[in-house]
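Below: one structure, written as structure tokens.
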Amino acid sequence: MNTYTSVDALAAQVSDGALVAMPAEQSYVSMAMVRALIRRGVKDLHLLCVPIGSLAADMLIGAGCVSTIECAAVSLGEFGLAPRFGAAVEQGSIRIKESTCPAIHAALQAGEKGVPFMPLTGLIGSDILASRDDWKVVDDPLGEGNGPIALLPAIRPDFAIFHAPLADRDGNVWISRRRELVPLAHASKSSLITAERVTDDNLGASDTMAAGSIPNLYIGGLAEARRGARPLGLPGYYPADAETYRTYARMARTEEGFRAFMDEFLGDELAAAAE
Amino acid sequence: MNTYTSVDALAAQVSDGALVAMPAEQSYVSMAMVRALIRRGVKDLHLLCVPIGSLAADMLIGAGCVSTIECAAVSLGEFGLAPRFGAAVEQGSIRIKESTCPAIHAALQAGEKGVPFMPLTGLIGSDILASRDDWKVVDDPLGEGNGPIALLPAIRPDFAIFHAPLADRDGNVWISRRRELVPLAHASKSSLITAERVTDDNLGASDTMAAGSIPNLYIGGLAEARRGARPLGLPGYYPADAETYRTYARMARTEEGFRAFMDEFLGDELAAAAE
Amino acid sequence: MSYNTEELMIAVIARLLDDPEVRHVAVGAASPIPGSAALLTRHLTGGRLRASIIHGLANNPFTDGGREVFDCAGQGRIDVFFLGGVQIDGEANINLVGTGDYPAVDKRFPGSFGSAYMYFVVPKVILFRPEHTRRVFVPKVDFISAPGTSEPGVYRPGGPKALVTELCLMSFDAAKKRFRLESVHPGHTVEEVLDNTGFDFDIPENVPMTPEPEPDRLDLLRTSIGAQIAEIYPDFVARVFAPKTEDAA
Amino acid sequence: MSYNTEELMIAVIARLLDDPEVRHVAVGAASPIPGSAALLTRHLTGGRLRASIIHGLANNPFTDGGREVFDCAGQGRIDVFFLGGVQIDGEANINLVGTGDYPAVDKRFPGSFGSAYMYFVVPKVILFRPEHTRRVFVPKVDFISAPGTSEPGVYRPGGPKALVTELCLMSFDAAKKRFRLESVHPGHTVEEVLDNTGFDFDIPENVPMTPEPEPDRLDLLRTSIGAQIAEIYPDFVARVFAPKTEDAA
């Protein structure tokens with residue numbers, strides 16, 4: 001199957017300026033792709049966090065790959081604030097489209113359905129809404145006294161990028177109960193997947209496995225990447241490398257510290273690849 | 001757990017006039033509940049087929065339980081037209097809200113999201129739309145030249161009723177890849193479930209099983225019912241009883257034939273229960 | 001090589017599917033002839049054509065519930081879909097609901113299924129209705145389940161492109177709102193088509209005969225493809241491809 | 001029985017949850033104090049209270065992806081949720097985005113998470129912010145992640161009902177757009193609350209002292225409930241409920 005390739009070949013598909021969507025920390029982030037994208041020096045990404053960014057977003061921003069970020073939040077969780085994200089926003093060196101978790105889910109659902117927008121309650125009176133000239137509040141269009149409601153334009157990412165615990169050689173991808181990845185893959189024009197393991201068994205053959213799978217219809221490329229979420233964890237499979245994560249959170253507080261960390265981080269990858 | 005009960009106790013929850021939603025033939029229909037509802041003589045149901053009705057809808061209509069039906073179609077599939085549905089519509093004895101499959105899915109998604117409506121492309125120029133005074137066409141509310149679009153009011157059924165292959169004692173329900181049941185359960189105020197088998201193992205404990213499950217949060221009642229889909233099949237578990245289905249399709253062409261069939265059909269149930 | 005009408009219609013549809021712009025064909029429930037053409041063409045194109053059959057599990061890729069096929073079409077990921085009609089008129093309006101003065105119908109049929117959406121969003125909808133009579137092909141449908149064309153400004157990337165019946169193949173021109181006779185099946189005539197069609201349509205000066213099914217394709221249908229189809233539609237395969245077994249015997 | 005501030009705040013929240021109208025409390029990520037109160041109250045109510053903790057899997061019922069908790073709230077199935085804020089003002093507006101003149105913020109914080117939705121649809125939102133200082137409790141927030149109140153006509157079944165800090169418990173009156181001091185925690189005073197709050201609020205004539213944690217509840221927290229909490233927040237349990245082990249030694 002022609003979608004089965006290498007991580008670097010996947011990263012090469014992502015052109016400068018692409019709208020790239022990545023899941024939240026506990027939802028199977030492909031750090032293997034983040035490394036490959038940084039190595040290849042991709043520029044001007046519009047990064048959509050679904051709906052919250054963490055290490056991946058912070059690294060891509062620190063490495064200068066991102067010109068716009070849309071997110072409900074970016075945080076390193078128990079390791080503190082996201083330092084390169086914070087610095088970039090405070091310096092005004094990236095554009096931020098403020099959002100809130102259900103708004104990102106709703107806009108992706110609109111993309112999934114092929115409708116131009118999705119209504120969402122809440123939001124009215126928030127400065128998030130005030131900052132978004134693409135969101136629109138209309139009086140109840142049904143005329144039934146439901147009051148004003150916000151309409152959010154559909155989002156159709158060029159690429160969804162994530163790391164699955166399992167995929168098959170036909171490009172079907174097992175995502176277990178991380179079903180936020182399903183509307184994400186549907187709404188995106190192409191999904192580029194790294195997988196912990198690629199099996200010869202067809203995931204569609206069993207009802208049990210199919211129930212937690214995304215069919216290859218949506219998958220634009222697949223590569224095997226052992227420990228491809230590290231230093232993040234792959235929930236249910238392996239924990240985060242807390243030591244590395246903590247080191248990052250500390251070093252990345254300065255531009256220089258970030259560069260030093262990334263030199264070693266990307267170098268390790270090259271060393272591991274050469275093994 | 002107080003939601004674990006008998007089929008008749010589930011049926012007793014369904015009050016006359018309720019908005020009741022049932023899935024299509026291949027998506028786990030609870031014929032056990034259909035029998036129990038007919039036995040208890042429920043009246044004036046507003047029946048929502050999600051999105052297509054078959055034997056269950058035809059029987060409930062024939063038995064005089066339904067005053068309004070909303071559906072994209074009602075058909076006995078390979079066994080032909082749905083005779084009691086057809087007769088009722090031709091005689092004008094039930095009200096029909098014409099729809100189309102994706103409109104029913106979209107309206108349930110609106111119910112699931114708690115938004116008053118969902119936009120859907122297509123529909124414009126169809127007599128379905130012309131017949132629906134609750135659907136509304138508006139000019140592109142984003143003002144971006146997307147053209148007119150139909151807005152469909154949310155549907156929130158009082159009850160979703162279906163038959164699952166497996167549930168656990170806590171009321172979690174395994175639905176495999178029949179995920180149309182997920183937005184249906186979410187959108188409905190209460191889901192009344194019959195299950196082929198009720199297990200002591202918690203379905204939420206394994207990622208593999210949880211991926212195909214609906215949590216008990218949405219479940220208003222659960223009863224065990226062996227062969228609870230018969231004479232329909234439970235895809236992946238047992239086939240339809242084609243002989244009985246064919247007999248129904250033939251006999252139900254007349255009111256008298258329908259009554260004769262149902263007398264035996266409901267009687268069989270009583271006999272089976274007495275065994 | 002002898003063949004029956006079903007095999008001929010499969011061959012006609014397979015030619016419509018063998019088109020570089022068609023990457024993905026979806027086939028609804030209970031559609032063995034379109035389904036057979038889809039699986040045949042998938043084989044002929046070496047798998048370039050993706051064929052999704054929304055009936056059973058064998059060739060049904062979807063894992064996100066009943067709405068996924070519609071969402072998928074809305075995303076532009078389905079290039080061909082099939083629709084039929086109790087009535088079809090000359091502007092390609094289709095009626096799946098009933099005959100007579102709606103809502104007081106004389107005869108109720110199942111209903112519109114997904115037509116009122118798929119007809120709008122799938123670029124190449126093939127109307128497939130074997131029965132070619134004036135009962136089906138009417139001047140004006142009694143109920144528009146889905147309109148053949150839309151006003152300018154209405155979002156409509158899709159619509160009808162062809163009509164396949166037991167008598168002929170027609171194309172549809174949305175700008176002219178008219179069908180055009182493309183070919184008449186072997187053994188039938190333009191007059192027969194005219195006699196059995198209740199609406200006007202364009203007739204070119206020379207109407208070609210529909211090519212007969214290619215023998216190698218018939219072979220495939222009756223052997224390897226037939227075996228795949230039998231997983232989905234066993235009764236159909238037993239009935240339609242059975243002559244082959246007799247021929248061989 | 002000795003206790004620490006975390007245990008006191010857990011006890012305060014648990015009392016807010018023990019309410020017949022509260023059938024289901026949901027707790028966001030990284031919220032061990034609300035999470036502990038939720039699991040404690042679930043136990044105290046014999047399971048009448050459903051507690052969903054959106055962090056890990058142990059008490060996380062959701063199986064339909066990240067949007068399910070929001071959809072669930074939109075359906076009216078979540079009665080209590082917790083929100084905090086980098087800044088909170090006297091009209092209960094909350095700011096999770098940054099301080100300074102947005103978008104030119106002086107200090108950027110993570111962002112609004114789900115607040116701009118949950119604050120509208122969950123009937124009883126408990127604002128929980130241990131740090132009680134004028135840095136947090138400001139006259140007017142620099143950025144409204146979610147507004148405390150809405151104009152008439154805006155769909156808003158939910159909103160703030162209480163504020164829990166390390167110093168006190170306040171209630172919020174949406175009609176008056178004002179907080180009211182309900183009780184001051186043991187060892188603290190009304191003056192201390194006034195000194196550390198940057199907005200006006202109502203003060204009743206007699207401000208009661210917040211009741212101390214009930215000894216039986218402390219016991220539960222440090223034993224059976226603590227064990228459940230440790231599955232989700234092991235570091236928290238080790239730090240907060242550790243004194244018990246020392247006491248016992």
* Taking the side chain as every heavy atom from C-beta outward, state whether D/Pro110 and A/Leu81 have any pair of such atoms under 4.5 Å apart. => yes

Atom group of [X] that falls short of 4.5 Å from chain D, counting heavy atoms:
X        : value
A/Pro23  : neither
A/Leu123 : both
A/Ile128 : both
A/Leu181 : neither

Minimal non-hydrogen separation, [X] against [Y], with atom names:
X        : Y        : result
A/Cys101 : D/Gly114 : SG-N, 3.5 Å
A/Gly125 : D/Ile144 : O-CG2, 3.7 Å
A/Phe85  : D/Phe109 : CE2-O, 4.0 Å

* Structure fact -> Most heavy-atom pairs under 4.5 Å with chain D, out of A/Gly86, A/Gly53, A/Pro102, belong to A/Pro102

* **Which atoms of D/Val105 approach chain A - backbone, side chain, both or neither, heavy atom under 4.5 Å** => both

* Structure fact -> Turns out that what part of D/Val69 lies under 4.5 Å from chain A's heavy atoms comes down to neither

Do chain D and chain A have donor-acceptor pairs under 3.5 Å, and which are they?
| from | atom 1 | to | atom 2 | distance (Å) |
| --- | --- | --- | --- | --- |
| D/Gly66 | N | A/Glu180 | OE1 | 2.6 |
| D/Tyr102 | OH | A/Glu98 | OE2 | 2.7 |
| D/Arg108 | N | A/Glu90 | OE2 | 2.8 |
| D/Arg108 | NH1 | A/Glu98 | OE2 | 2.5 |
| D/Arg108 | NH2 | A/Glu98 | OE1 | 3.2 |
| D/Pro110 | O | A/Val74 | N | 3.0 |
| D/Ser112 | N | A/Ala72 | O | 2.9 |
| D/Phe113 | N | A/Ala72 | O | 2.8 |
| D/Phe113 | O | A/Thr100 | OG1 | 2.5 |
| D/Phe113 | O | A/Cys101 | N | 3.1 |
| D/Ala116 | O | A/Leu123 | N | 2.9 |
| D/Ile144 | N | A/Asp127 | OD2 | 2.8 |
| D/Ile144 | O | A/Ser126 | OG | 3.3 |
| D/Ile144 | O | A/Asp127 | N | 2.7 |
| D/Ser145 | O | A/Ser126 | OG | 2.9 |

* Asked: Just wondering, are more than 12 heavy atoms of other shown residues or ligands nearer than 6.0 Å to CZ in D/Arg134?
  -> yes

